[in-house]
Amino acid sequence: MYPIVEKRVLAPRIKSIKVKAPHVARNVKAGQFVVVRVDERGERIPLTVVDWNRKEGTILLVFQEIGVSTIKLGLLKEGDNILNISGPLGNPTEIKKYGTVICIGGGVGTACIYPVARELKKAGNNVISIVGARSSNLLILEEEIKSVSDEFYITTDDGSRGRKGFVTDQLKDILREGRKVDLVYAVGPAIMMKVVADVTRNYNIKTIVSLNPIMVDGTGMCGACRVIVGGQMKFACVDGPEFDAHEVDFDSLMSRLRTYIQEEKRALELLQTKVKGGE
Ligand SMILES: Cc1cc2nc3c(=O)[nH]c(=O)nc-3n(C[C@H](O)[C@H](O)[C@H](O)COP(=O)(O)OP(=O)(O)OC[C@H]3O[C@@H](n4cnc5c(N)ncnc54)[C@H](O)[C@@H]3O)c2cc1C
Ligand code: FES
């Protein structure tokens with residue numbers, strides 16, 4: 001059992017929980033994730049480890065409530081327990097001195113760039129961060145990311161904060177200035193990562209994305225997380241989750257993410273009926 005020691009609402013439908021999970025906290029590195037099972041009937045869902053305290057034995061998870069499992073997780077209160085947390089899983093980010101690195105986070109993916117930006121900064125890089133959301137009320141971890149960035153930009157789709165437009169508009173502005181950029185690291189919706197890859201391809205800048213396919217076991221056994229990278233099939237949980245963005249087949253990723261859309265809708269309706277019925 002993994003007790004929740006702190007819970008915060010970061011934005012509408014986006015929450016953070018600090019959970020006691022000493023075996024993860026001891027070993028986790030930036031870029032890794034855990035697989036969480038909320039209760040005995042729960043499915044296994046992957047969530048990035050956003051922060052950790054090795055001494056306390058705690059990890060921080062940030063999640064968007066989009067379906068049954070994330071909604072069930074969001075219903076838990078401080079003091080409640082999560083049934084299983086496996087990890088840390090996946091390969092850590094390669095942290096070294098690249099020079100100038102642009103870290104891009106879209107939506108809840110913003111939480112996933114925080115530990116990477118922080119470690120890249122510690123390694124001596126000049127870190128430029130761009131975070132984007134649909135609207136200002138959906139921006140998360142602004143202060144945290146700002147504190148580990150040399151330059152920090154916000155974009156919102158509706159222009160309610162920062163530059164009006166997408167994170168890729170800000171990226172294009174920076175690259176058009178002719179600045180030397182050694183690495184771009186992006187996490188967000190698949191379509192956002194695809195556009196980032198298209199932009200940086202033109203400038204020949206190494207670009208890493210952290211992919212979010214459906215995962216089940218997270219250990220390379222089930223094949224659910226297969227993605228096409230460089231024309232080859234890879235398992236995101238063990239070969240990734242980070243890959244060279246210029247090699248990723250984003251169209252197949254987006255199509256596979258929609259595979260269970262009807263089942264997910266039905267499961268959500270069932271949960272809503274149960275909640276209304278007070279079960
Ligand atoms: C390595 C990795 C790290 C992730 N980190 C985060 C994070 O830090 N915060 C966060 O909010 N989300 C994260 N995600 C996505 C998160 O796992 C899904 O949002 C979650 O599983 C949705 O489950 P659900 O039951 O709430 O929604 P559902 O209604 O079941 O699904 C909604 C959508 O979520 C995706 N999804 C569903 N089940 C899974 C699954 N088992 N694995 C992956 N995607 C799934 C599909 O696109 C689906 O259409 C991560 C995904 C991966 C692969
Ligand atoms: S999640 Fe099962 S092989 Fe990757």
Side-chain angles (χ1 to χ4, degrees), residues 9-17 19 24 28 30-39 41-52 59-76 84-93 105-116 133 138 140-141 186-191 193 208-227 229 233-243 248 250 252-272:
V9 177
L10 304 185
R13 306 190 81 82
I14 304 182
K15 291 176 178 161
S16 75
I17 47 173
V19 188
V24 181
V28 68
Q32 291 188 296
F33 64 94
V34 287
V35 166
V36 171
R37 197 155 69 102
V38 178
D39 55 36
R41 301 193 60 193
E43 60 176 1
R44 299 164 59 88
I45 57 159
L47 294 174
T48 303
V49 182
V50 173
D51 204 356
W52 52 88
I59 57 170
L60 186 79
L61 305 175
V62 174
F63 57 95
Q64 184 167 27
E65 296 172 340
I66 55 164
V68 170
S69 302
T70 44
I71 291 175
K72 272 163 76 176
L73 190 59
L75 288 171
L76 298 182
N84 297 130
I85 296 187
S86 339
L89 298 167
N91 298 299
T93 310
V108 76
T110 301
C112 307
I113 68 159
Y114 170 58
V116 174
L138 295 170
I140 55 168
L141 301 190
V187 190
I191 185 67
M193 295 190 282
I208 302 291
V209 284
S210 182
L211 300 185
N212 58 341
I214 291 178
M215 290 187 179
V216 180
D217 62 302
T219 60
M221 313 256 282
C222 70
C225 67
R226 56 190 185 275
V227 288
V229 183
M233 193 175 72
K234 300 276 180 193
F235 287 176
C237 65
V238 286
D239 298 322
E242 294 175 0
F243 293 99
V248 172
F250 285 101
S252 80
L253 172 68
M254 288 188 276
S255 134
R256 281 182 58 75
L257 280 170
R258 291 190 291 267
T259 309
Y260 301 106
I261 220 145
Q262 291 309 326
E263 288 83 355
E264 288 155 2
K265 216 172 129 212
R266 271 202 299 279
L268 187 57
E269 284 162 4
L270 204 66
L271 179 76
Q272 281 162 344

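Whatever order the structure lists them in is the order used to number ligands and atoms, beginning at 1.
Atom 41 (N) of ligand 1 has as its closest protein heavy atom M215 O, 2.7 Å. When hydrogens are left out, the protein atom nearest atom 26 (O) of ligand 1 is T70 OG1, 2.4 Å; that is the closest non-hydrogen contact. Counting only heavy atoms of the protein, atom 49 (O) of ligand 1 lies nearest to E264 OE1, 2.8 Å. The protein atom (non-hydrogen) at minimum distance from atom 3 (S) of ligand 2 is G223 N, 3.1 Å. When hydrogens are left out, the protein atom nearest atom 9 (N) of ligand 1 is V62 O, 2.8 Å; that is the closest non-hydrogen contact. The protein non-hydrogen atom at the shortest distance from atom 11 (O) of ligand 1 is Q64 N, 2.9 Å. The protein heavy atom nearest to atom 36 (N) of ligand 1 is I214 CG1, 4.0 Å. Protein heavy atom nearest atom 50 (C) of ligand 1, with residue, atom name and distance: P46 O, 3.3 Å. Closest to atom 10 (C) of ligand 1, if we only count protein heavy atoms, is L47 CD2, 3.6 Å.
Under 4.0 Å from ligand 2, the heavy atoms of M221 that appear belong solely to its backbone.
Here the N, O or S atom of D217 that is nearest to atom 2 (Fe) of ligand 2 is OD1.
Among the atoms of P241, none of the N or O lies under 3.5 angstrom from an N or O of ligand 1.
Atoms of ligand 1 lying under 4.0 Å from any heavy atom of F63, numbered from 1 in the order shown and given with element: 9 (N), 10 (C), 11 (O). Remark: ligand 1 atoms within the under-4.0 Å shell around heavy atoms of I66 are 19 (O), 32 (C), 33 (C), 34 (O). Near R44, meaning under 4.0 Å from any of its heavy atoms, are these atoms of ligand 1: 41 (N). Counting the atoms of ligand 1 from 1 in the order shown, those under 4.0 Å from a heavy atom of F33 are 1 (C). The distance from ligand 1 to the heavy atoms of N212 drops below 4.0 Å at these ligand atoms: 51 (C), 52 (C), 53 (C). For ligand 1 and P213, the ligand atoms under 4.0 Å from any heavy atom of the residue are 42 (N), 43 (C), 44 (N), 53 (C). Atoms of ligand 1 found under 4.0 Å from any heavy atom of C112, numbered from 1 in the order shown, are 8 (O). Against a heavy-atom cut-off of under 4.0 Å, L257 is close to the following atoms of ligand 1: 46 (C), 47 (O), 49 (O). Taking every non-hydrogen atom of V216 and a distance limit under 4.0 Å, the qualifying atoms of ligand 2 come out as 1 (S). The contact set between ligand 2 and C225, taken as ligand atoms under 4.0 Å from a residue heavy atom, comprises 1 (S), 3 (S), 4 (Fe). Ligand-side atoms of ligand 2 in range of G220: 3 (S), range being under 4.0 angstrom from any heavy atom.
With hydrogens and angles disregarded, no donor-acceptor distance shorter than 3.5 Å links the side chain of R37 to the backbone of S86. With hydrogens and angles disregarded, no donor-acceptor distance shorter than 3.5 Å links the side chain of D51 to the backbone of I59. No donor-acceptor distance shorter than 3.5 angstrom exists from the side chain of N84 to the backbone of V36, with no hydrogens or angles considered.
K15 and G74 get closest at one heavy-atom pair: NZ-O, 3.3 Å. Contact record, V62 with I14: CG1-CG2, 3.9 Å, taken as the closest heavy-atom pair. The two residues A30 and W52 have their closest heavy-atom pair at N-CH2, 3.5 Å. Residues L253 and A190 come closest through the heavy atom pair CD2-CB, 3.9 Å. Pairing each heavy atom of V216 with each of A224, the nearest pair is CG2-CB, 3.7 Å. Among all heavy-atom pairs drawn from A111 and V50, the shortest one is O-CG1, 3.5 Å.
Of the inter-residue distances, the one linking T48 atom OG1 with Q32 atom CD reads 10.5 Å to the nearest 0.5 angstrom. To the nearest 0.5 Å, the span separating SG on C237 from CG on L211 amounts to 12.0 Å. In this structure, the separation between OG on S252 and CE on M233 is 11.0 Å, given to the nearest 0.5 Å. Atom SG of residue C225 and atom CG of residue D217 lie 7.5 Å apart, to the nearest 0.5 angstrom. Separation of atoms CD1 (I214) and CZ (R256) is listed at 7.5 Å; rounding is to 0.5 Å. Expressed to the nearest 0.5 Å, how far CG of L76 lies from CG of D39 amounts to 8.0 Å.
Considering only non-hydrogen atoms, atom 21 (O) of ligand 1 lies nearest to I45 out of L60, V216, I45. Nearest-heavy-atom check against atom 8 (O) of ligand 1 across D217, V35, I14, T48 picks out T48.
When distances to atom 4 (Fe) of ligand 2 are checked against a cut-off of 2.8 Å, C237 contributes an N, O or S atom below that limit.
Environment of CE in M254: crowded, with over 12 heavy atoms of neighbouring residues, nucleotides or ligands closer than 6.0 Å.
Note on ligand 1: E43 sits in its first shell, one or more heavy atoms being nearer than 4.0 Å.
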